[in-house]
Amino acid sequence: MSATASPYTSLLHLPHRPFGPRRPRLTRPRCLASLAPASSGASPENEDHLIQTLCAHGRLARAAALLQGLPAPTQRTYESLLLAAARAGDTALAAAVHRRLEADPVFRSDPFLSTRLIDAYAALSALPAARQVFDEAPVKNIFVWNAMLKALALADHGEEALACLADMGRLGVPVDSYSYAHGLKACIAASASHGPASARVREMHAHAIRRGYGLHTHVATTLIDCYAKLGMVGYAERVFTSMPDRNLVSWSAMIGCYAKNERPGDAIQIFQEMMASDADLVPNSITIVSVLHACAGVNALGQGKVLHAYILRRGFDSLVSVLNALMAMYMKCGCLEIGRYIFNWIGRRRNVVSWNSLISGYGMHGFGRESIQVFEEMIQEGISPSIITFISVLGACSHAGLVEQGKKLFESMVDYNVTPRAEHYACMVDLLGRAGRLDEAVELIQSMRIQPSPQVWGSLLGACRIHGHVEYAEMACSHLFDLEPQNAGNYVLLADIYARAKLQNQVDVLKELLEEHALEKVPGCSWIEVKKKLYSFASVDKNPQVEELQALIGEFVTQMKNEGYVPDTGSVLYDIEEEEKERILLGHSEKLAVAFGLINTGSGEVIRITKNLRLCEDCHSVTKFISKFTDREIVVRDVNRFHHFRNGVCSCRDYW
DNA sequence: GTAGGGTTAG
């Protein structure tokens, strides 16, 4: 095989391992009834014990009543009550314990209980109360400070958290690894008015290094996560590589970093490395979710199935988050029905994420009506649609060309208290634009009361390419070149539009612009999984096997020409002979992957291909023809959606 | 006796 076998195919052979730490043995539930007599005329120690037991069993009303009559609760009793109140969402109980503590001469100034109080109020989203405890705490040790920092950072009160950290510095309180971890989270949460988050994180990173905390496992892991969230993958890699000790969380953070930042191949590869490096590192549900996301990213169905088996072996199928990720993986790998099956299997445990996933699944497969139907079912079940629900369902309308339904849904957003964001406008511009209603799309953009994002203009540009509208394309680009000057795709799209309008001079100008900015367009690349191994193709590859594949395609093309097919050479921007243009078209990665699939799979097998860009016109027609000529089903996932080719017809009905 | 990583879209 000349195609490059992926380095991560050995995922198929997940090492068998003991299933990690055993579940903690449950303490034998004590019979509460048998303890009851202790409350009448019992010693205070027994009463303390009883309150703790009641707390552990969630019988808070009874525990609270007992607290009233207790002359001197122990520290452990206060703690149990606060933990139970937080767990049960019982703010009133937390407040009652708080009042009781304030009147307790022994524990009034106990920093440990101040920490627990702050934790409890934070868990109950009662931040002002947490703040009050902190401000009034007579003894503020590092635990109390860190509890406050954590409460602020996790509640996304970034500015306040950073101010808290600054106070520590001012008062000479020595910060520790916990302070850095929470402080870094605060850097992400703080608003842009405090400067760019990336600068804040780097500054705190430097600070941690100076104090000798830069390589601390928790601090470094948090750093990886922060850099991941900011898209600074290189920084995350450097931190990860330099760590002397990595645990499962550090590895999972790095896997998640790649998965989030569109580097699914690297995510799977580093997962492999983790599995090979240390037998004690047993993936947990969070690791699995990230790797599933990565499998979906590279369309690695076979590998995803291995993870599915692993999930069943480890019992992770009890976690809705894992099932949601599994369902999304199947649908993104072309298996819509399995996704639906898992959704049904989740049953009543399904949440808004499960619904969104199914809605977008139908959408990317071109089933707009089904997607809307699922949306309606969701509403009937009383689930509140989220921002993402609308992005998903509007996207589905766009893929299926359901303009009127999409407009209705867009207008209905306010009824569900979801304010349209730029993303929703981008969906609408796409919907209208694809359908050829460019004037309406432009009117919509002009009516926006928020700043149109690059995605909005990008949708318009994409629609102009489909409908050959030079004027609006120039309008979109006047914004895009300003908003994202480094995005080569915009220049290439505009050049394509000019080329089709036979404006060669303008094409040349754009090419010069590209060179001036030292920009290169993303090279087209396609993957295919054959016998559970991934093979990738790029049109720039120059090896003998590729010529063989091209020759096979060439044969099909000759047949097609007899049936009236004309190669779409208009998309080739180089100023070269027609024949040469046709040769370039033959080398498109998607065609190579199809040919490879034809040669290397059995006649009844579905050929599944992934492409990193939008499927080009020419590849689309050729693939349609091949599906008919060879009687094979071919499923192609491009950057936006799925195309199911069968018997010369594509599921997108040539609308994409 | 504090803590670090995750689900859905484009």
Side-chain angles (χ1 to χ4, degrees), chain A residues 75-76 79 83 110-116 118-119 122 141-151 153-154 176-182 184-185 216-226 228-229 236 243 246-257 259-260 262 283-293 296 316 319-329 331-332 339 343 346 350-361 363-364 385-396 398-399 421-424 426-427 430 453-456 458-459 462 639-641:
Chain A
Q75 192 193 43
R76 183 86 186 80
E79 187 193 14
L83 289 175
D110 179 18
F112 173 64
L113 287 176
S114 299
T115 303
R116 285 299 192 224
I118 293 169
D119 284 346
N141 66 8
I142 184 70
F143 295 98
V144 178
W145 278 98
N146 285 344
M148 193 64 233
L149 252 183
K150 177 191 177 190
L154 292 190
D176 66 2
S177 63
Y178 294 84
S179 325
Y180 281 116
H182 301 316
L184 284 165
K185 273 210 159 42
H216 184 283
T217 308
H218 290 119
V219 177
T221 302
T222 311
L223 275 165
I224 292 171
D225 186 49
C226 289
K229 287 186 174 128
M243 288 174 76
R246 302 178 195 126
N247 59 21
L248 180 65
V249 181
S250 328
W251 284 93
S252 299
M254 198 60 226
I255 293 169
C257 173
K260 272 198 278 270
E262 271 119 64
N284 64 13
S285 66
I286 294 170
T287 324
I288 294 297
V289 166
S290 289
V291 184
L292 277 173
H293 188 71
F316 290 147
L319 301 174
V320 177
S321 56
V322 172
L323 292 172
N324 285 343
L326 188 66
M327 172 183 156
M329 183 280 294
M331 293 190 299
K332 280 191 192 158
F343 178 83
I346 300 173
R350 60 195 166 215
N351 57 23
V352 68
V353 176
S354 327
W355 285 100
N356 290 350
S357 191
L358 188 65
I359 290 169
S360 74
M364 63 192 165
S386 67
I387 289 165
I388 295 172
T389 312
F390 282 103
I391 294 174
S392 306
V393 73
L394 291 175
S398 177
H399 291 314
R421 292 193 182 187
E423 290 104 309
H424 300 104
C427 290
D430 191 60
S453 63
Q455 285 75 23
V456 174
S459 294
V639 70
N640 292 320
R641 58 165 300 154

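Chain identifiers are assigned alphabetically (A, B, ...) following the order of the sequence lines, protein sequences preceding nucleic acid strands; residue numbering begins at 1 within each chain. None of the values given here were measured: they were computed from a predicted structure.
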Report task. Mind checking the CD1-CE spacing from A:I224 to A:M243? Nearest 0.5 Å is all I need. Result -> 5.0 Å
Query raised in the report: In Å and rounded to the nearest 0.5 Å, what is the CE to CG distance from A:M327 to A:L292?
Result: 13.0 Å
**Report entry** Rounded distance in Å - CZ (A:F316) to P (B:dG6)
**Finding:** 16 Å
Query - Gap between atoms NZ and P, on A:K229 and B:dG4 respectively (whole Å) - result: 10 Å
Query raised in the report: Of all the nucleotides listed (B:dT8, B:dG6, B:dG4), which has the minimum atom distance to the side chain of A:S250?
Result: B:dG4
Query raised in the report: How would you label the contact of A:T287 with the nucleic acid (heavy atoms, under 4.0 Å): base, sugar-phosphate, or nothing?
Result: base
Query raised in the report: Does A:D430 make a side-chain donor-acceptor contact with the base of B:dG10, cut-off 3.5 Å?
Result: no
Query raised in the report: So what does A:S285 hit on the nucleic acid, given a heavy-atom distance under 4.0 Å: a base, only sugar-phosphate, or nothing?
Result: base
Query raised in the report: Between atom CZ in A:F390 and atom P in B:dG10, what is the gap in whole Å?
Result: 15 Å
Query - Heavy-atom donor-acceptor pair, A:T221 side-chain to B:dG5 base, under 3.5 Å - result: no
Query raised in the report: Roughly how far apart are A:S360 OG and A:H399 NE2, rounded to 0.5 Å?
Result: 9.0 Å
Query raised in the report: Quick one: which of B:dG4, B:dG6, B:dA9 gets closest to the side chain of A:L154?
Result: B:dG4
Requested in this report: Scan A:T115 against the nucleic acid and name what it touches under 4.0 Å (heavy atoms): base, sugar-phosphate only, or nothing.
Outcome: nothing
Requested in this report: Would you indicate what A:S177 reaches in the nucleic acid, counting non-hydrogen atoms under 4.0 angstrom: base, sugar-phosphate, or nothing?
Outcome: nothing
Report task. Report the distance from atom CZ of A:F390 to atom CD1 of A:I359, rounding to the nearest 0.5 Å. Result -> 9.0 Å
Query raised in the report: What is the nucleic acid contact for A:Q455, judged by heavy atoms within less than 4.0 Å: base, sugar-phosphate only, or nothing?
Result: nothing
Requested in this report: Indicate, with a heavy-atom threshold strictly under 4.0 Å, whether A:N284 touches base, sugar-phosphate, or nothing.
Outcome: base
Query - From OG1 (A:T221) to CZ (A:R246), nearest 0.5 Å - result: 10.0 Å
Query raised in the report: For A:Y178 and B:dT2, is the gap between ring centres under 5.5 Å while the planes differ by less than 30°?
Result: yes
Report summary line: Ranking B:dA9, B:dT2, B:dG6 by distance to the side chain of A:K332, first place goes to B:dA9
Query raised in the report: What nucleotide, of B:dG10, B:dT8, B:dT2, holds the atom closest to the side chain of A:I142?
Result: B:dT2
Requested in this report: Take atom NE2 of A:H216 and atom C1' of B:dT2, then tell me their distance rounded to the nearest Å.
Outcome: 12 Å
Report task. Starting at CG of A:D430, measure out to CG of A:L394 and round the result to the nearest 0.5 Å. Result -> 10.5 Å
Query raised in the report: Is the shortest side-chain N/O distance from A:H424 to OP1 or OP2 of B:dG10 below 4.0 Å?
Result: no
Query raised in the report: What is the distance, rounded to the nearest whole Å, between atom CD1 of A:I288 and atom P of B:dG5?
Result: 18 Å
Report task. Would you mind reading off the distance between A:L113 atom CG and B:dT2 atom P, rounded to a whole angstrom? Result -> 14 Å
Report task. Pick base, sugar-phosphate or nothing for A:D225, based on heavy-atom distances below 4.0 Å to the nucleic acid. Result -> sugar-phosphate
Requested in this report: Taking only the side-chain heavy atoms of A:K260 (C-beta and beyond), determine which of B:dG4, B:dA9, B:dG5 contains the nearest atom.
Outcome: B:dG5
Report task. May I ask you to say what A:E262 touches in the nucleic acid, namely base, sugar-phosphate or nothing, with a heavy-atom cut-off under 4.0 Å? Result -> nothing
Query raised in the report: Can you check whether A:S392 has a side-chain N or O nearer than 4.0 Å to OP1 or OP2 of B:dT8?
Result: no
Query raised in the report: Counting side-chain heavy atoms from CB outward, which of B:dG6, B:dT8, B:dG5 is closest to A:S321?
Result: B:dG6
Requested in this report: Side chain of A:N356 only, please: which of B:dT8, B:dG6, B:dG10 is the nearest?
Outcome: B:dT8
Query raised in the report: Quick one: does A:T389's side chain get under 4.5 Å of A:W355's, heavy atoms only?
Result: no
Query raised in the report: In whole angstrom, what separates A:L319's CG from B:dG5's P?
Result: 18 Å
Report summary line: Here the distance between atom P of B:dT2 and atom CZ of A:F143, to the nearest Å, is 8 Å
Requested in this report: Scan A:D176 against the nucleic acid and name what it touches under 4.0 Å (heavy atoms): base, sugar-phosphate only, or nothing.
Outcome: base
